[in-house]
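Here is the structure we will look at, set down as structure tokens.
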Amino acid sequence: MKIVFFGSAHFAVAALEALIKSSHELVCVVTQPDKKKGRHLHVAGTDVKSTAVAAGLKTFQPEDIKSKESVNFLRKLEAELFVIVAYGQVFSQEVLDIPKIMPVNIHASLLPRYRGAAPINWAIINAEKKTGISIIYVSLKVDSGPVILQKEIKIEENDSAISLEEKLRDLGAELLMEALRMIGSRSYRLLEQDEDKVILAPKLKKEDGLIDWSGSAADIHNQIRGVLPWPGAFTCYRGKILKIFQADVLPIFPNHKPAAGEVVRADKHEIIVACGRGFLNLKELQLEAGKRMSGQNFIIGHKLKVGDILE
RNA sequence: CGCGGGGUGGAGCAGCCUGGUAGCUCGCAAGGCUCAUAACCUUGAGGUCAUGCGUUCAAAUCGCAUCCCCGCAA
């Protein structure tokens, strides 16, 4: 089938690679414009762009996908399918009507649960036991079109948003190919989403990474795993930002009734911090301007003491 | 030229402002104590102080340039 691929985030790369390997005809890869990014504002394209360029594909990077120029350009491609994966722009009905068969999207959740830009992160933050991939027919309202294919995956206790994304990325590519086969042979059904079961998963904000030590250790643990790789869970230590990458939950710690955020143990074995309920053993941290390091190493150099408060 | 922090034995840091003996905690090695130990005591090995140039009698420290790393902001 003649396909136009839309994608920008790293999540989209696996699907793009699968399409490149397949027998489908990729007529164009659409991705976000190159932007200045990073510490020194170097101009850089998306991962999708470099993958497409390496494969010798035509690319298109409009500022606005809904503009007249974009629409005209896309019409000329005469595609049968649009495959949209983490593209970053919202489509107009005019654009969605362009492909001859349909526009499809890979979404990293079990829709209608976790509609939005950060489904993987929110599934972990909300302590879900499972999530998955949905292949949907794209409708005007974001992530709300009927489902073509869906598959679930277990969220492991030690999964972070990063490891879970890797798993879902591969599963998404796999499921996409299956969905394309079904579409190609007209052997699919569209299942409307149950609007009563919708859960939203909006893009993460910086403050979603701020740790509230009065919460339970389990919740904070989920937050730490869920807000990676950005913004990362963080707290404040001596006026500097302290990022926490990894921690273990300890339900109890002997004879202690400390304030939330208080360090109750700090020796060369472990750093234990009190939460509103339960305790956390901090395993991997990074102080502003410093390197990422284990709890033990942090103690050795930073003179963190019992009684210090994180906030 | 967006703002800021950092690079010091194997690890994490102090020292820099106010130039003059390379410091701390940990790890490592050897020895001791101990029923024993991740505990304790002794001793020891291990460093181009990111790189280059400059200032100076003298530079980890002051100045200029370069490389690398990190936090913020987008």
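The figures here come from the full heavy-atom set of this structure, side chains too, leaving out hydrogens, waters and symmetry mates. First the proteins, then the strands, lettered A, B, ... as listed; each starts at 1.
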Does the A:Thr131 side chain pair with the main chain of A:Ala123, one donor and one acceptor, at a distance under 3.5 Å? no
Main-chain N/O of A:Pro231 paired with A:Lys243 side-chain donor or acceptor, under 3.5 Å: yes
Grab the N/O contacts between the protein and nucleotides 36-41 of chain B below 3.5 Å, and write none if there aren't any.
residue, atom, partner, partner atom, Å
B:rA39, OP1, A:Lys268, NZ, 2.6

Measure from [atom1] on [X] to [atom2] on [N] and round the result to the nearest Å.
X        : N      : atom1 : atom2 : answer
A:Glu284 : B:rG12 : CD    : P     : 13 Å
A:Leu287 : B:rC72 : CG    : P     : 12 Å
A:Phe234 : B:rA73 : CZ    : C1'   : 13 Å
A:Met293 : B:rG10 : CE    : P     : 17 Å
A:Asn297 : B:rG10 : CG    : C1'   : 11 Å
A:Arg238 : B:rC13 : CZ    : C1'   : 12 Å
A:Phe298 : B:rU25 : CZ    : C1'   : 14 Å
A:Lys303 : B:rC24 : NZ    : C1'   : 6 Å

Within less than 4.0 Å of OP1 or OP2 of B:rG12, is there a side-chain N or O belonging to A:His302? no
Within less than 4.0 Å of OP1 or OP2 of B:rG71, is there a side-chain N or O belonging to A:Gln286? yes
Taking the six-membered ring for Trp, are the ring centroids of A:Phe6 and A:Phe91 within less than 6.0 Å of each other? yes
Could you please name the partner base of [N], counting Watson-Crick and G-U wobble pairs only when both distances are under 3.5 Å?
N      : value
B:rC40 : B:rG32
B:rU48 : none
B:rG71 : B:rC3
B:rU21 : none
B:rG10 : B:rC26

Looking only at atom [atom1], what distance separates [N] and [M], rounded to whole Å?
N      : M      : atom1 : answer
B:rC49 : B:rC70 : P     : 24 Å
B:rC16 : B:rC41 : P     : 29 Å
B:rC62 : B:rC17 : C1'   : 10 Å
B:rC3  : B:rG20 : P     : 33 Å
B:rG27 : B:rA45 : C1'   : 13 Å
B:rG7  : B:rG15 : C1'   : 15 Å
B:rA60 : B:rG54 : P     : 15 Å
B:rG12 : B:rC57 : C1'   : 36 Å

N-O pairing of A:Lys151 and A:Glu178 below 4.0 Å: no
Should the pair A:Arg292-A:Glu284 be classified as a salt bridge under the 4.0 Å nitrogen-to-oxygen rule? yes
Please evaluate residues A:Arg238 and A:Glu288 with respect to the criterion salt bridge (charged side-chain N to carboxylate O under 4.0 Å, His left out), reporting the C-alpha separation (whole Å), side-chain torsions for both, the decisive distance (0.1 Å), and the verdict. CA-CA 11 Å; A:Arg238 295 190 181 178; A:Glu288 180 180 328; over 6 Å; no
Could you tell me whether A:Lys35 contacts a base, only the sugar-phosphate backbone, or nothing, with contacts defined as non-hydrogen atoms closer than 4.0 Å? nothing
Just so I know, are the side chains of A:Phe234 and A:Lys206 near enough to count as touching, which here means a heavy-atom distance under 4.5 Å? yes
Single-linkage hydrophobic cluster A:Ile135~A:Leu26, side-chain heavy atoms < 4.5 angstrom: yes
same_hphob_cluster(A:Val227, A:Leu242) at 4.5 Å side-chain heavy-atom cutoff: no
Pairing donors with acceptors under 3.5 angstrom, does anything connect the side chains of A:Gln61 and A:Thr31? no
Is there any protein nitrogen or oxygen under 3.5 Å from a nitrogen or oxygen in nucleotides 5-8 of chain B, and what are the pairs?
none

Step through the shown structure and confirm whether more than 12 heavy atoms of other residues, nucleotides or ligands are within 6.0 Å of NZ on A:Lys283. no
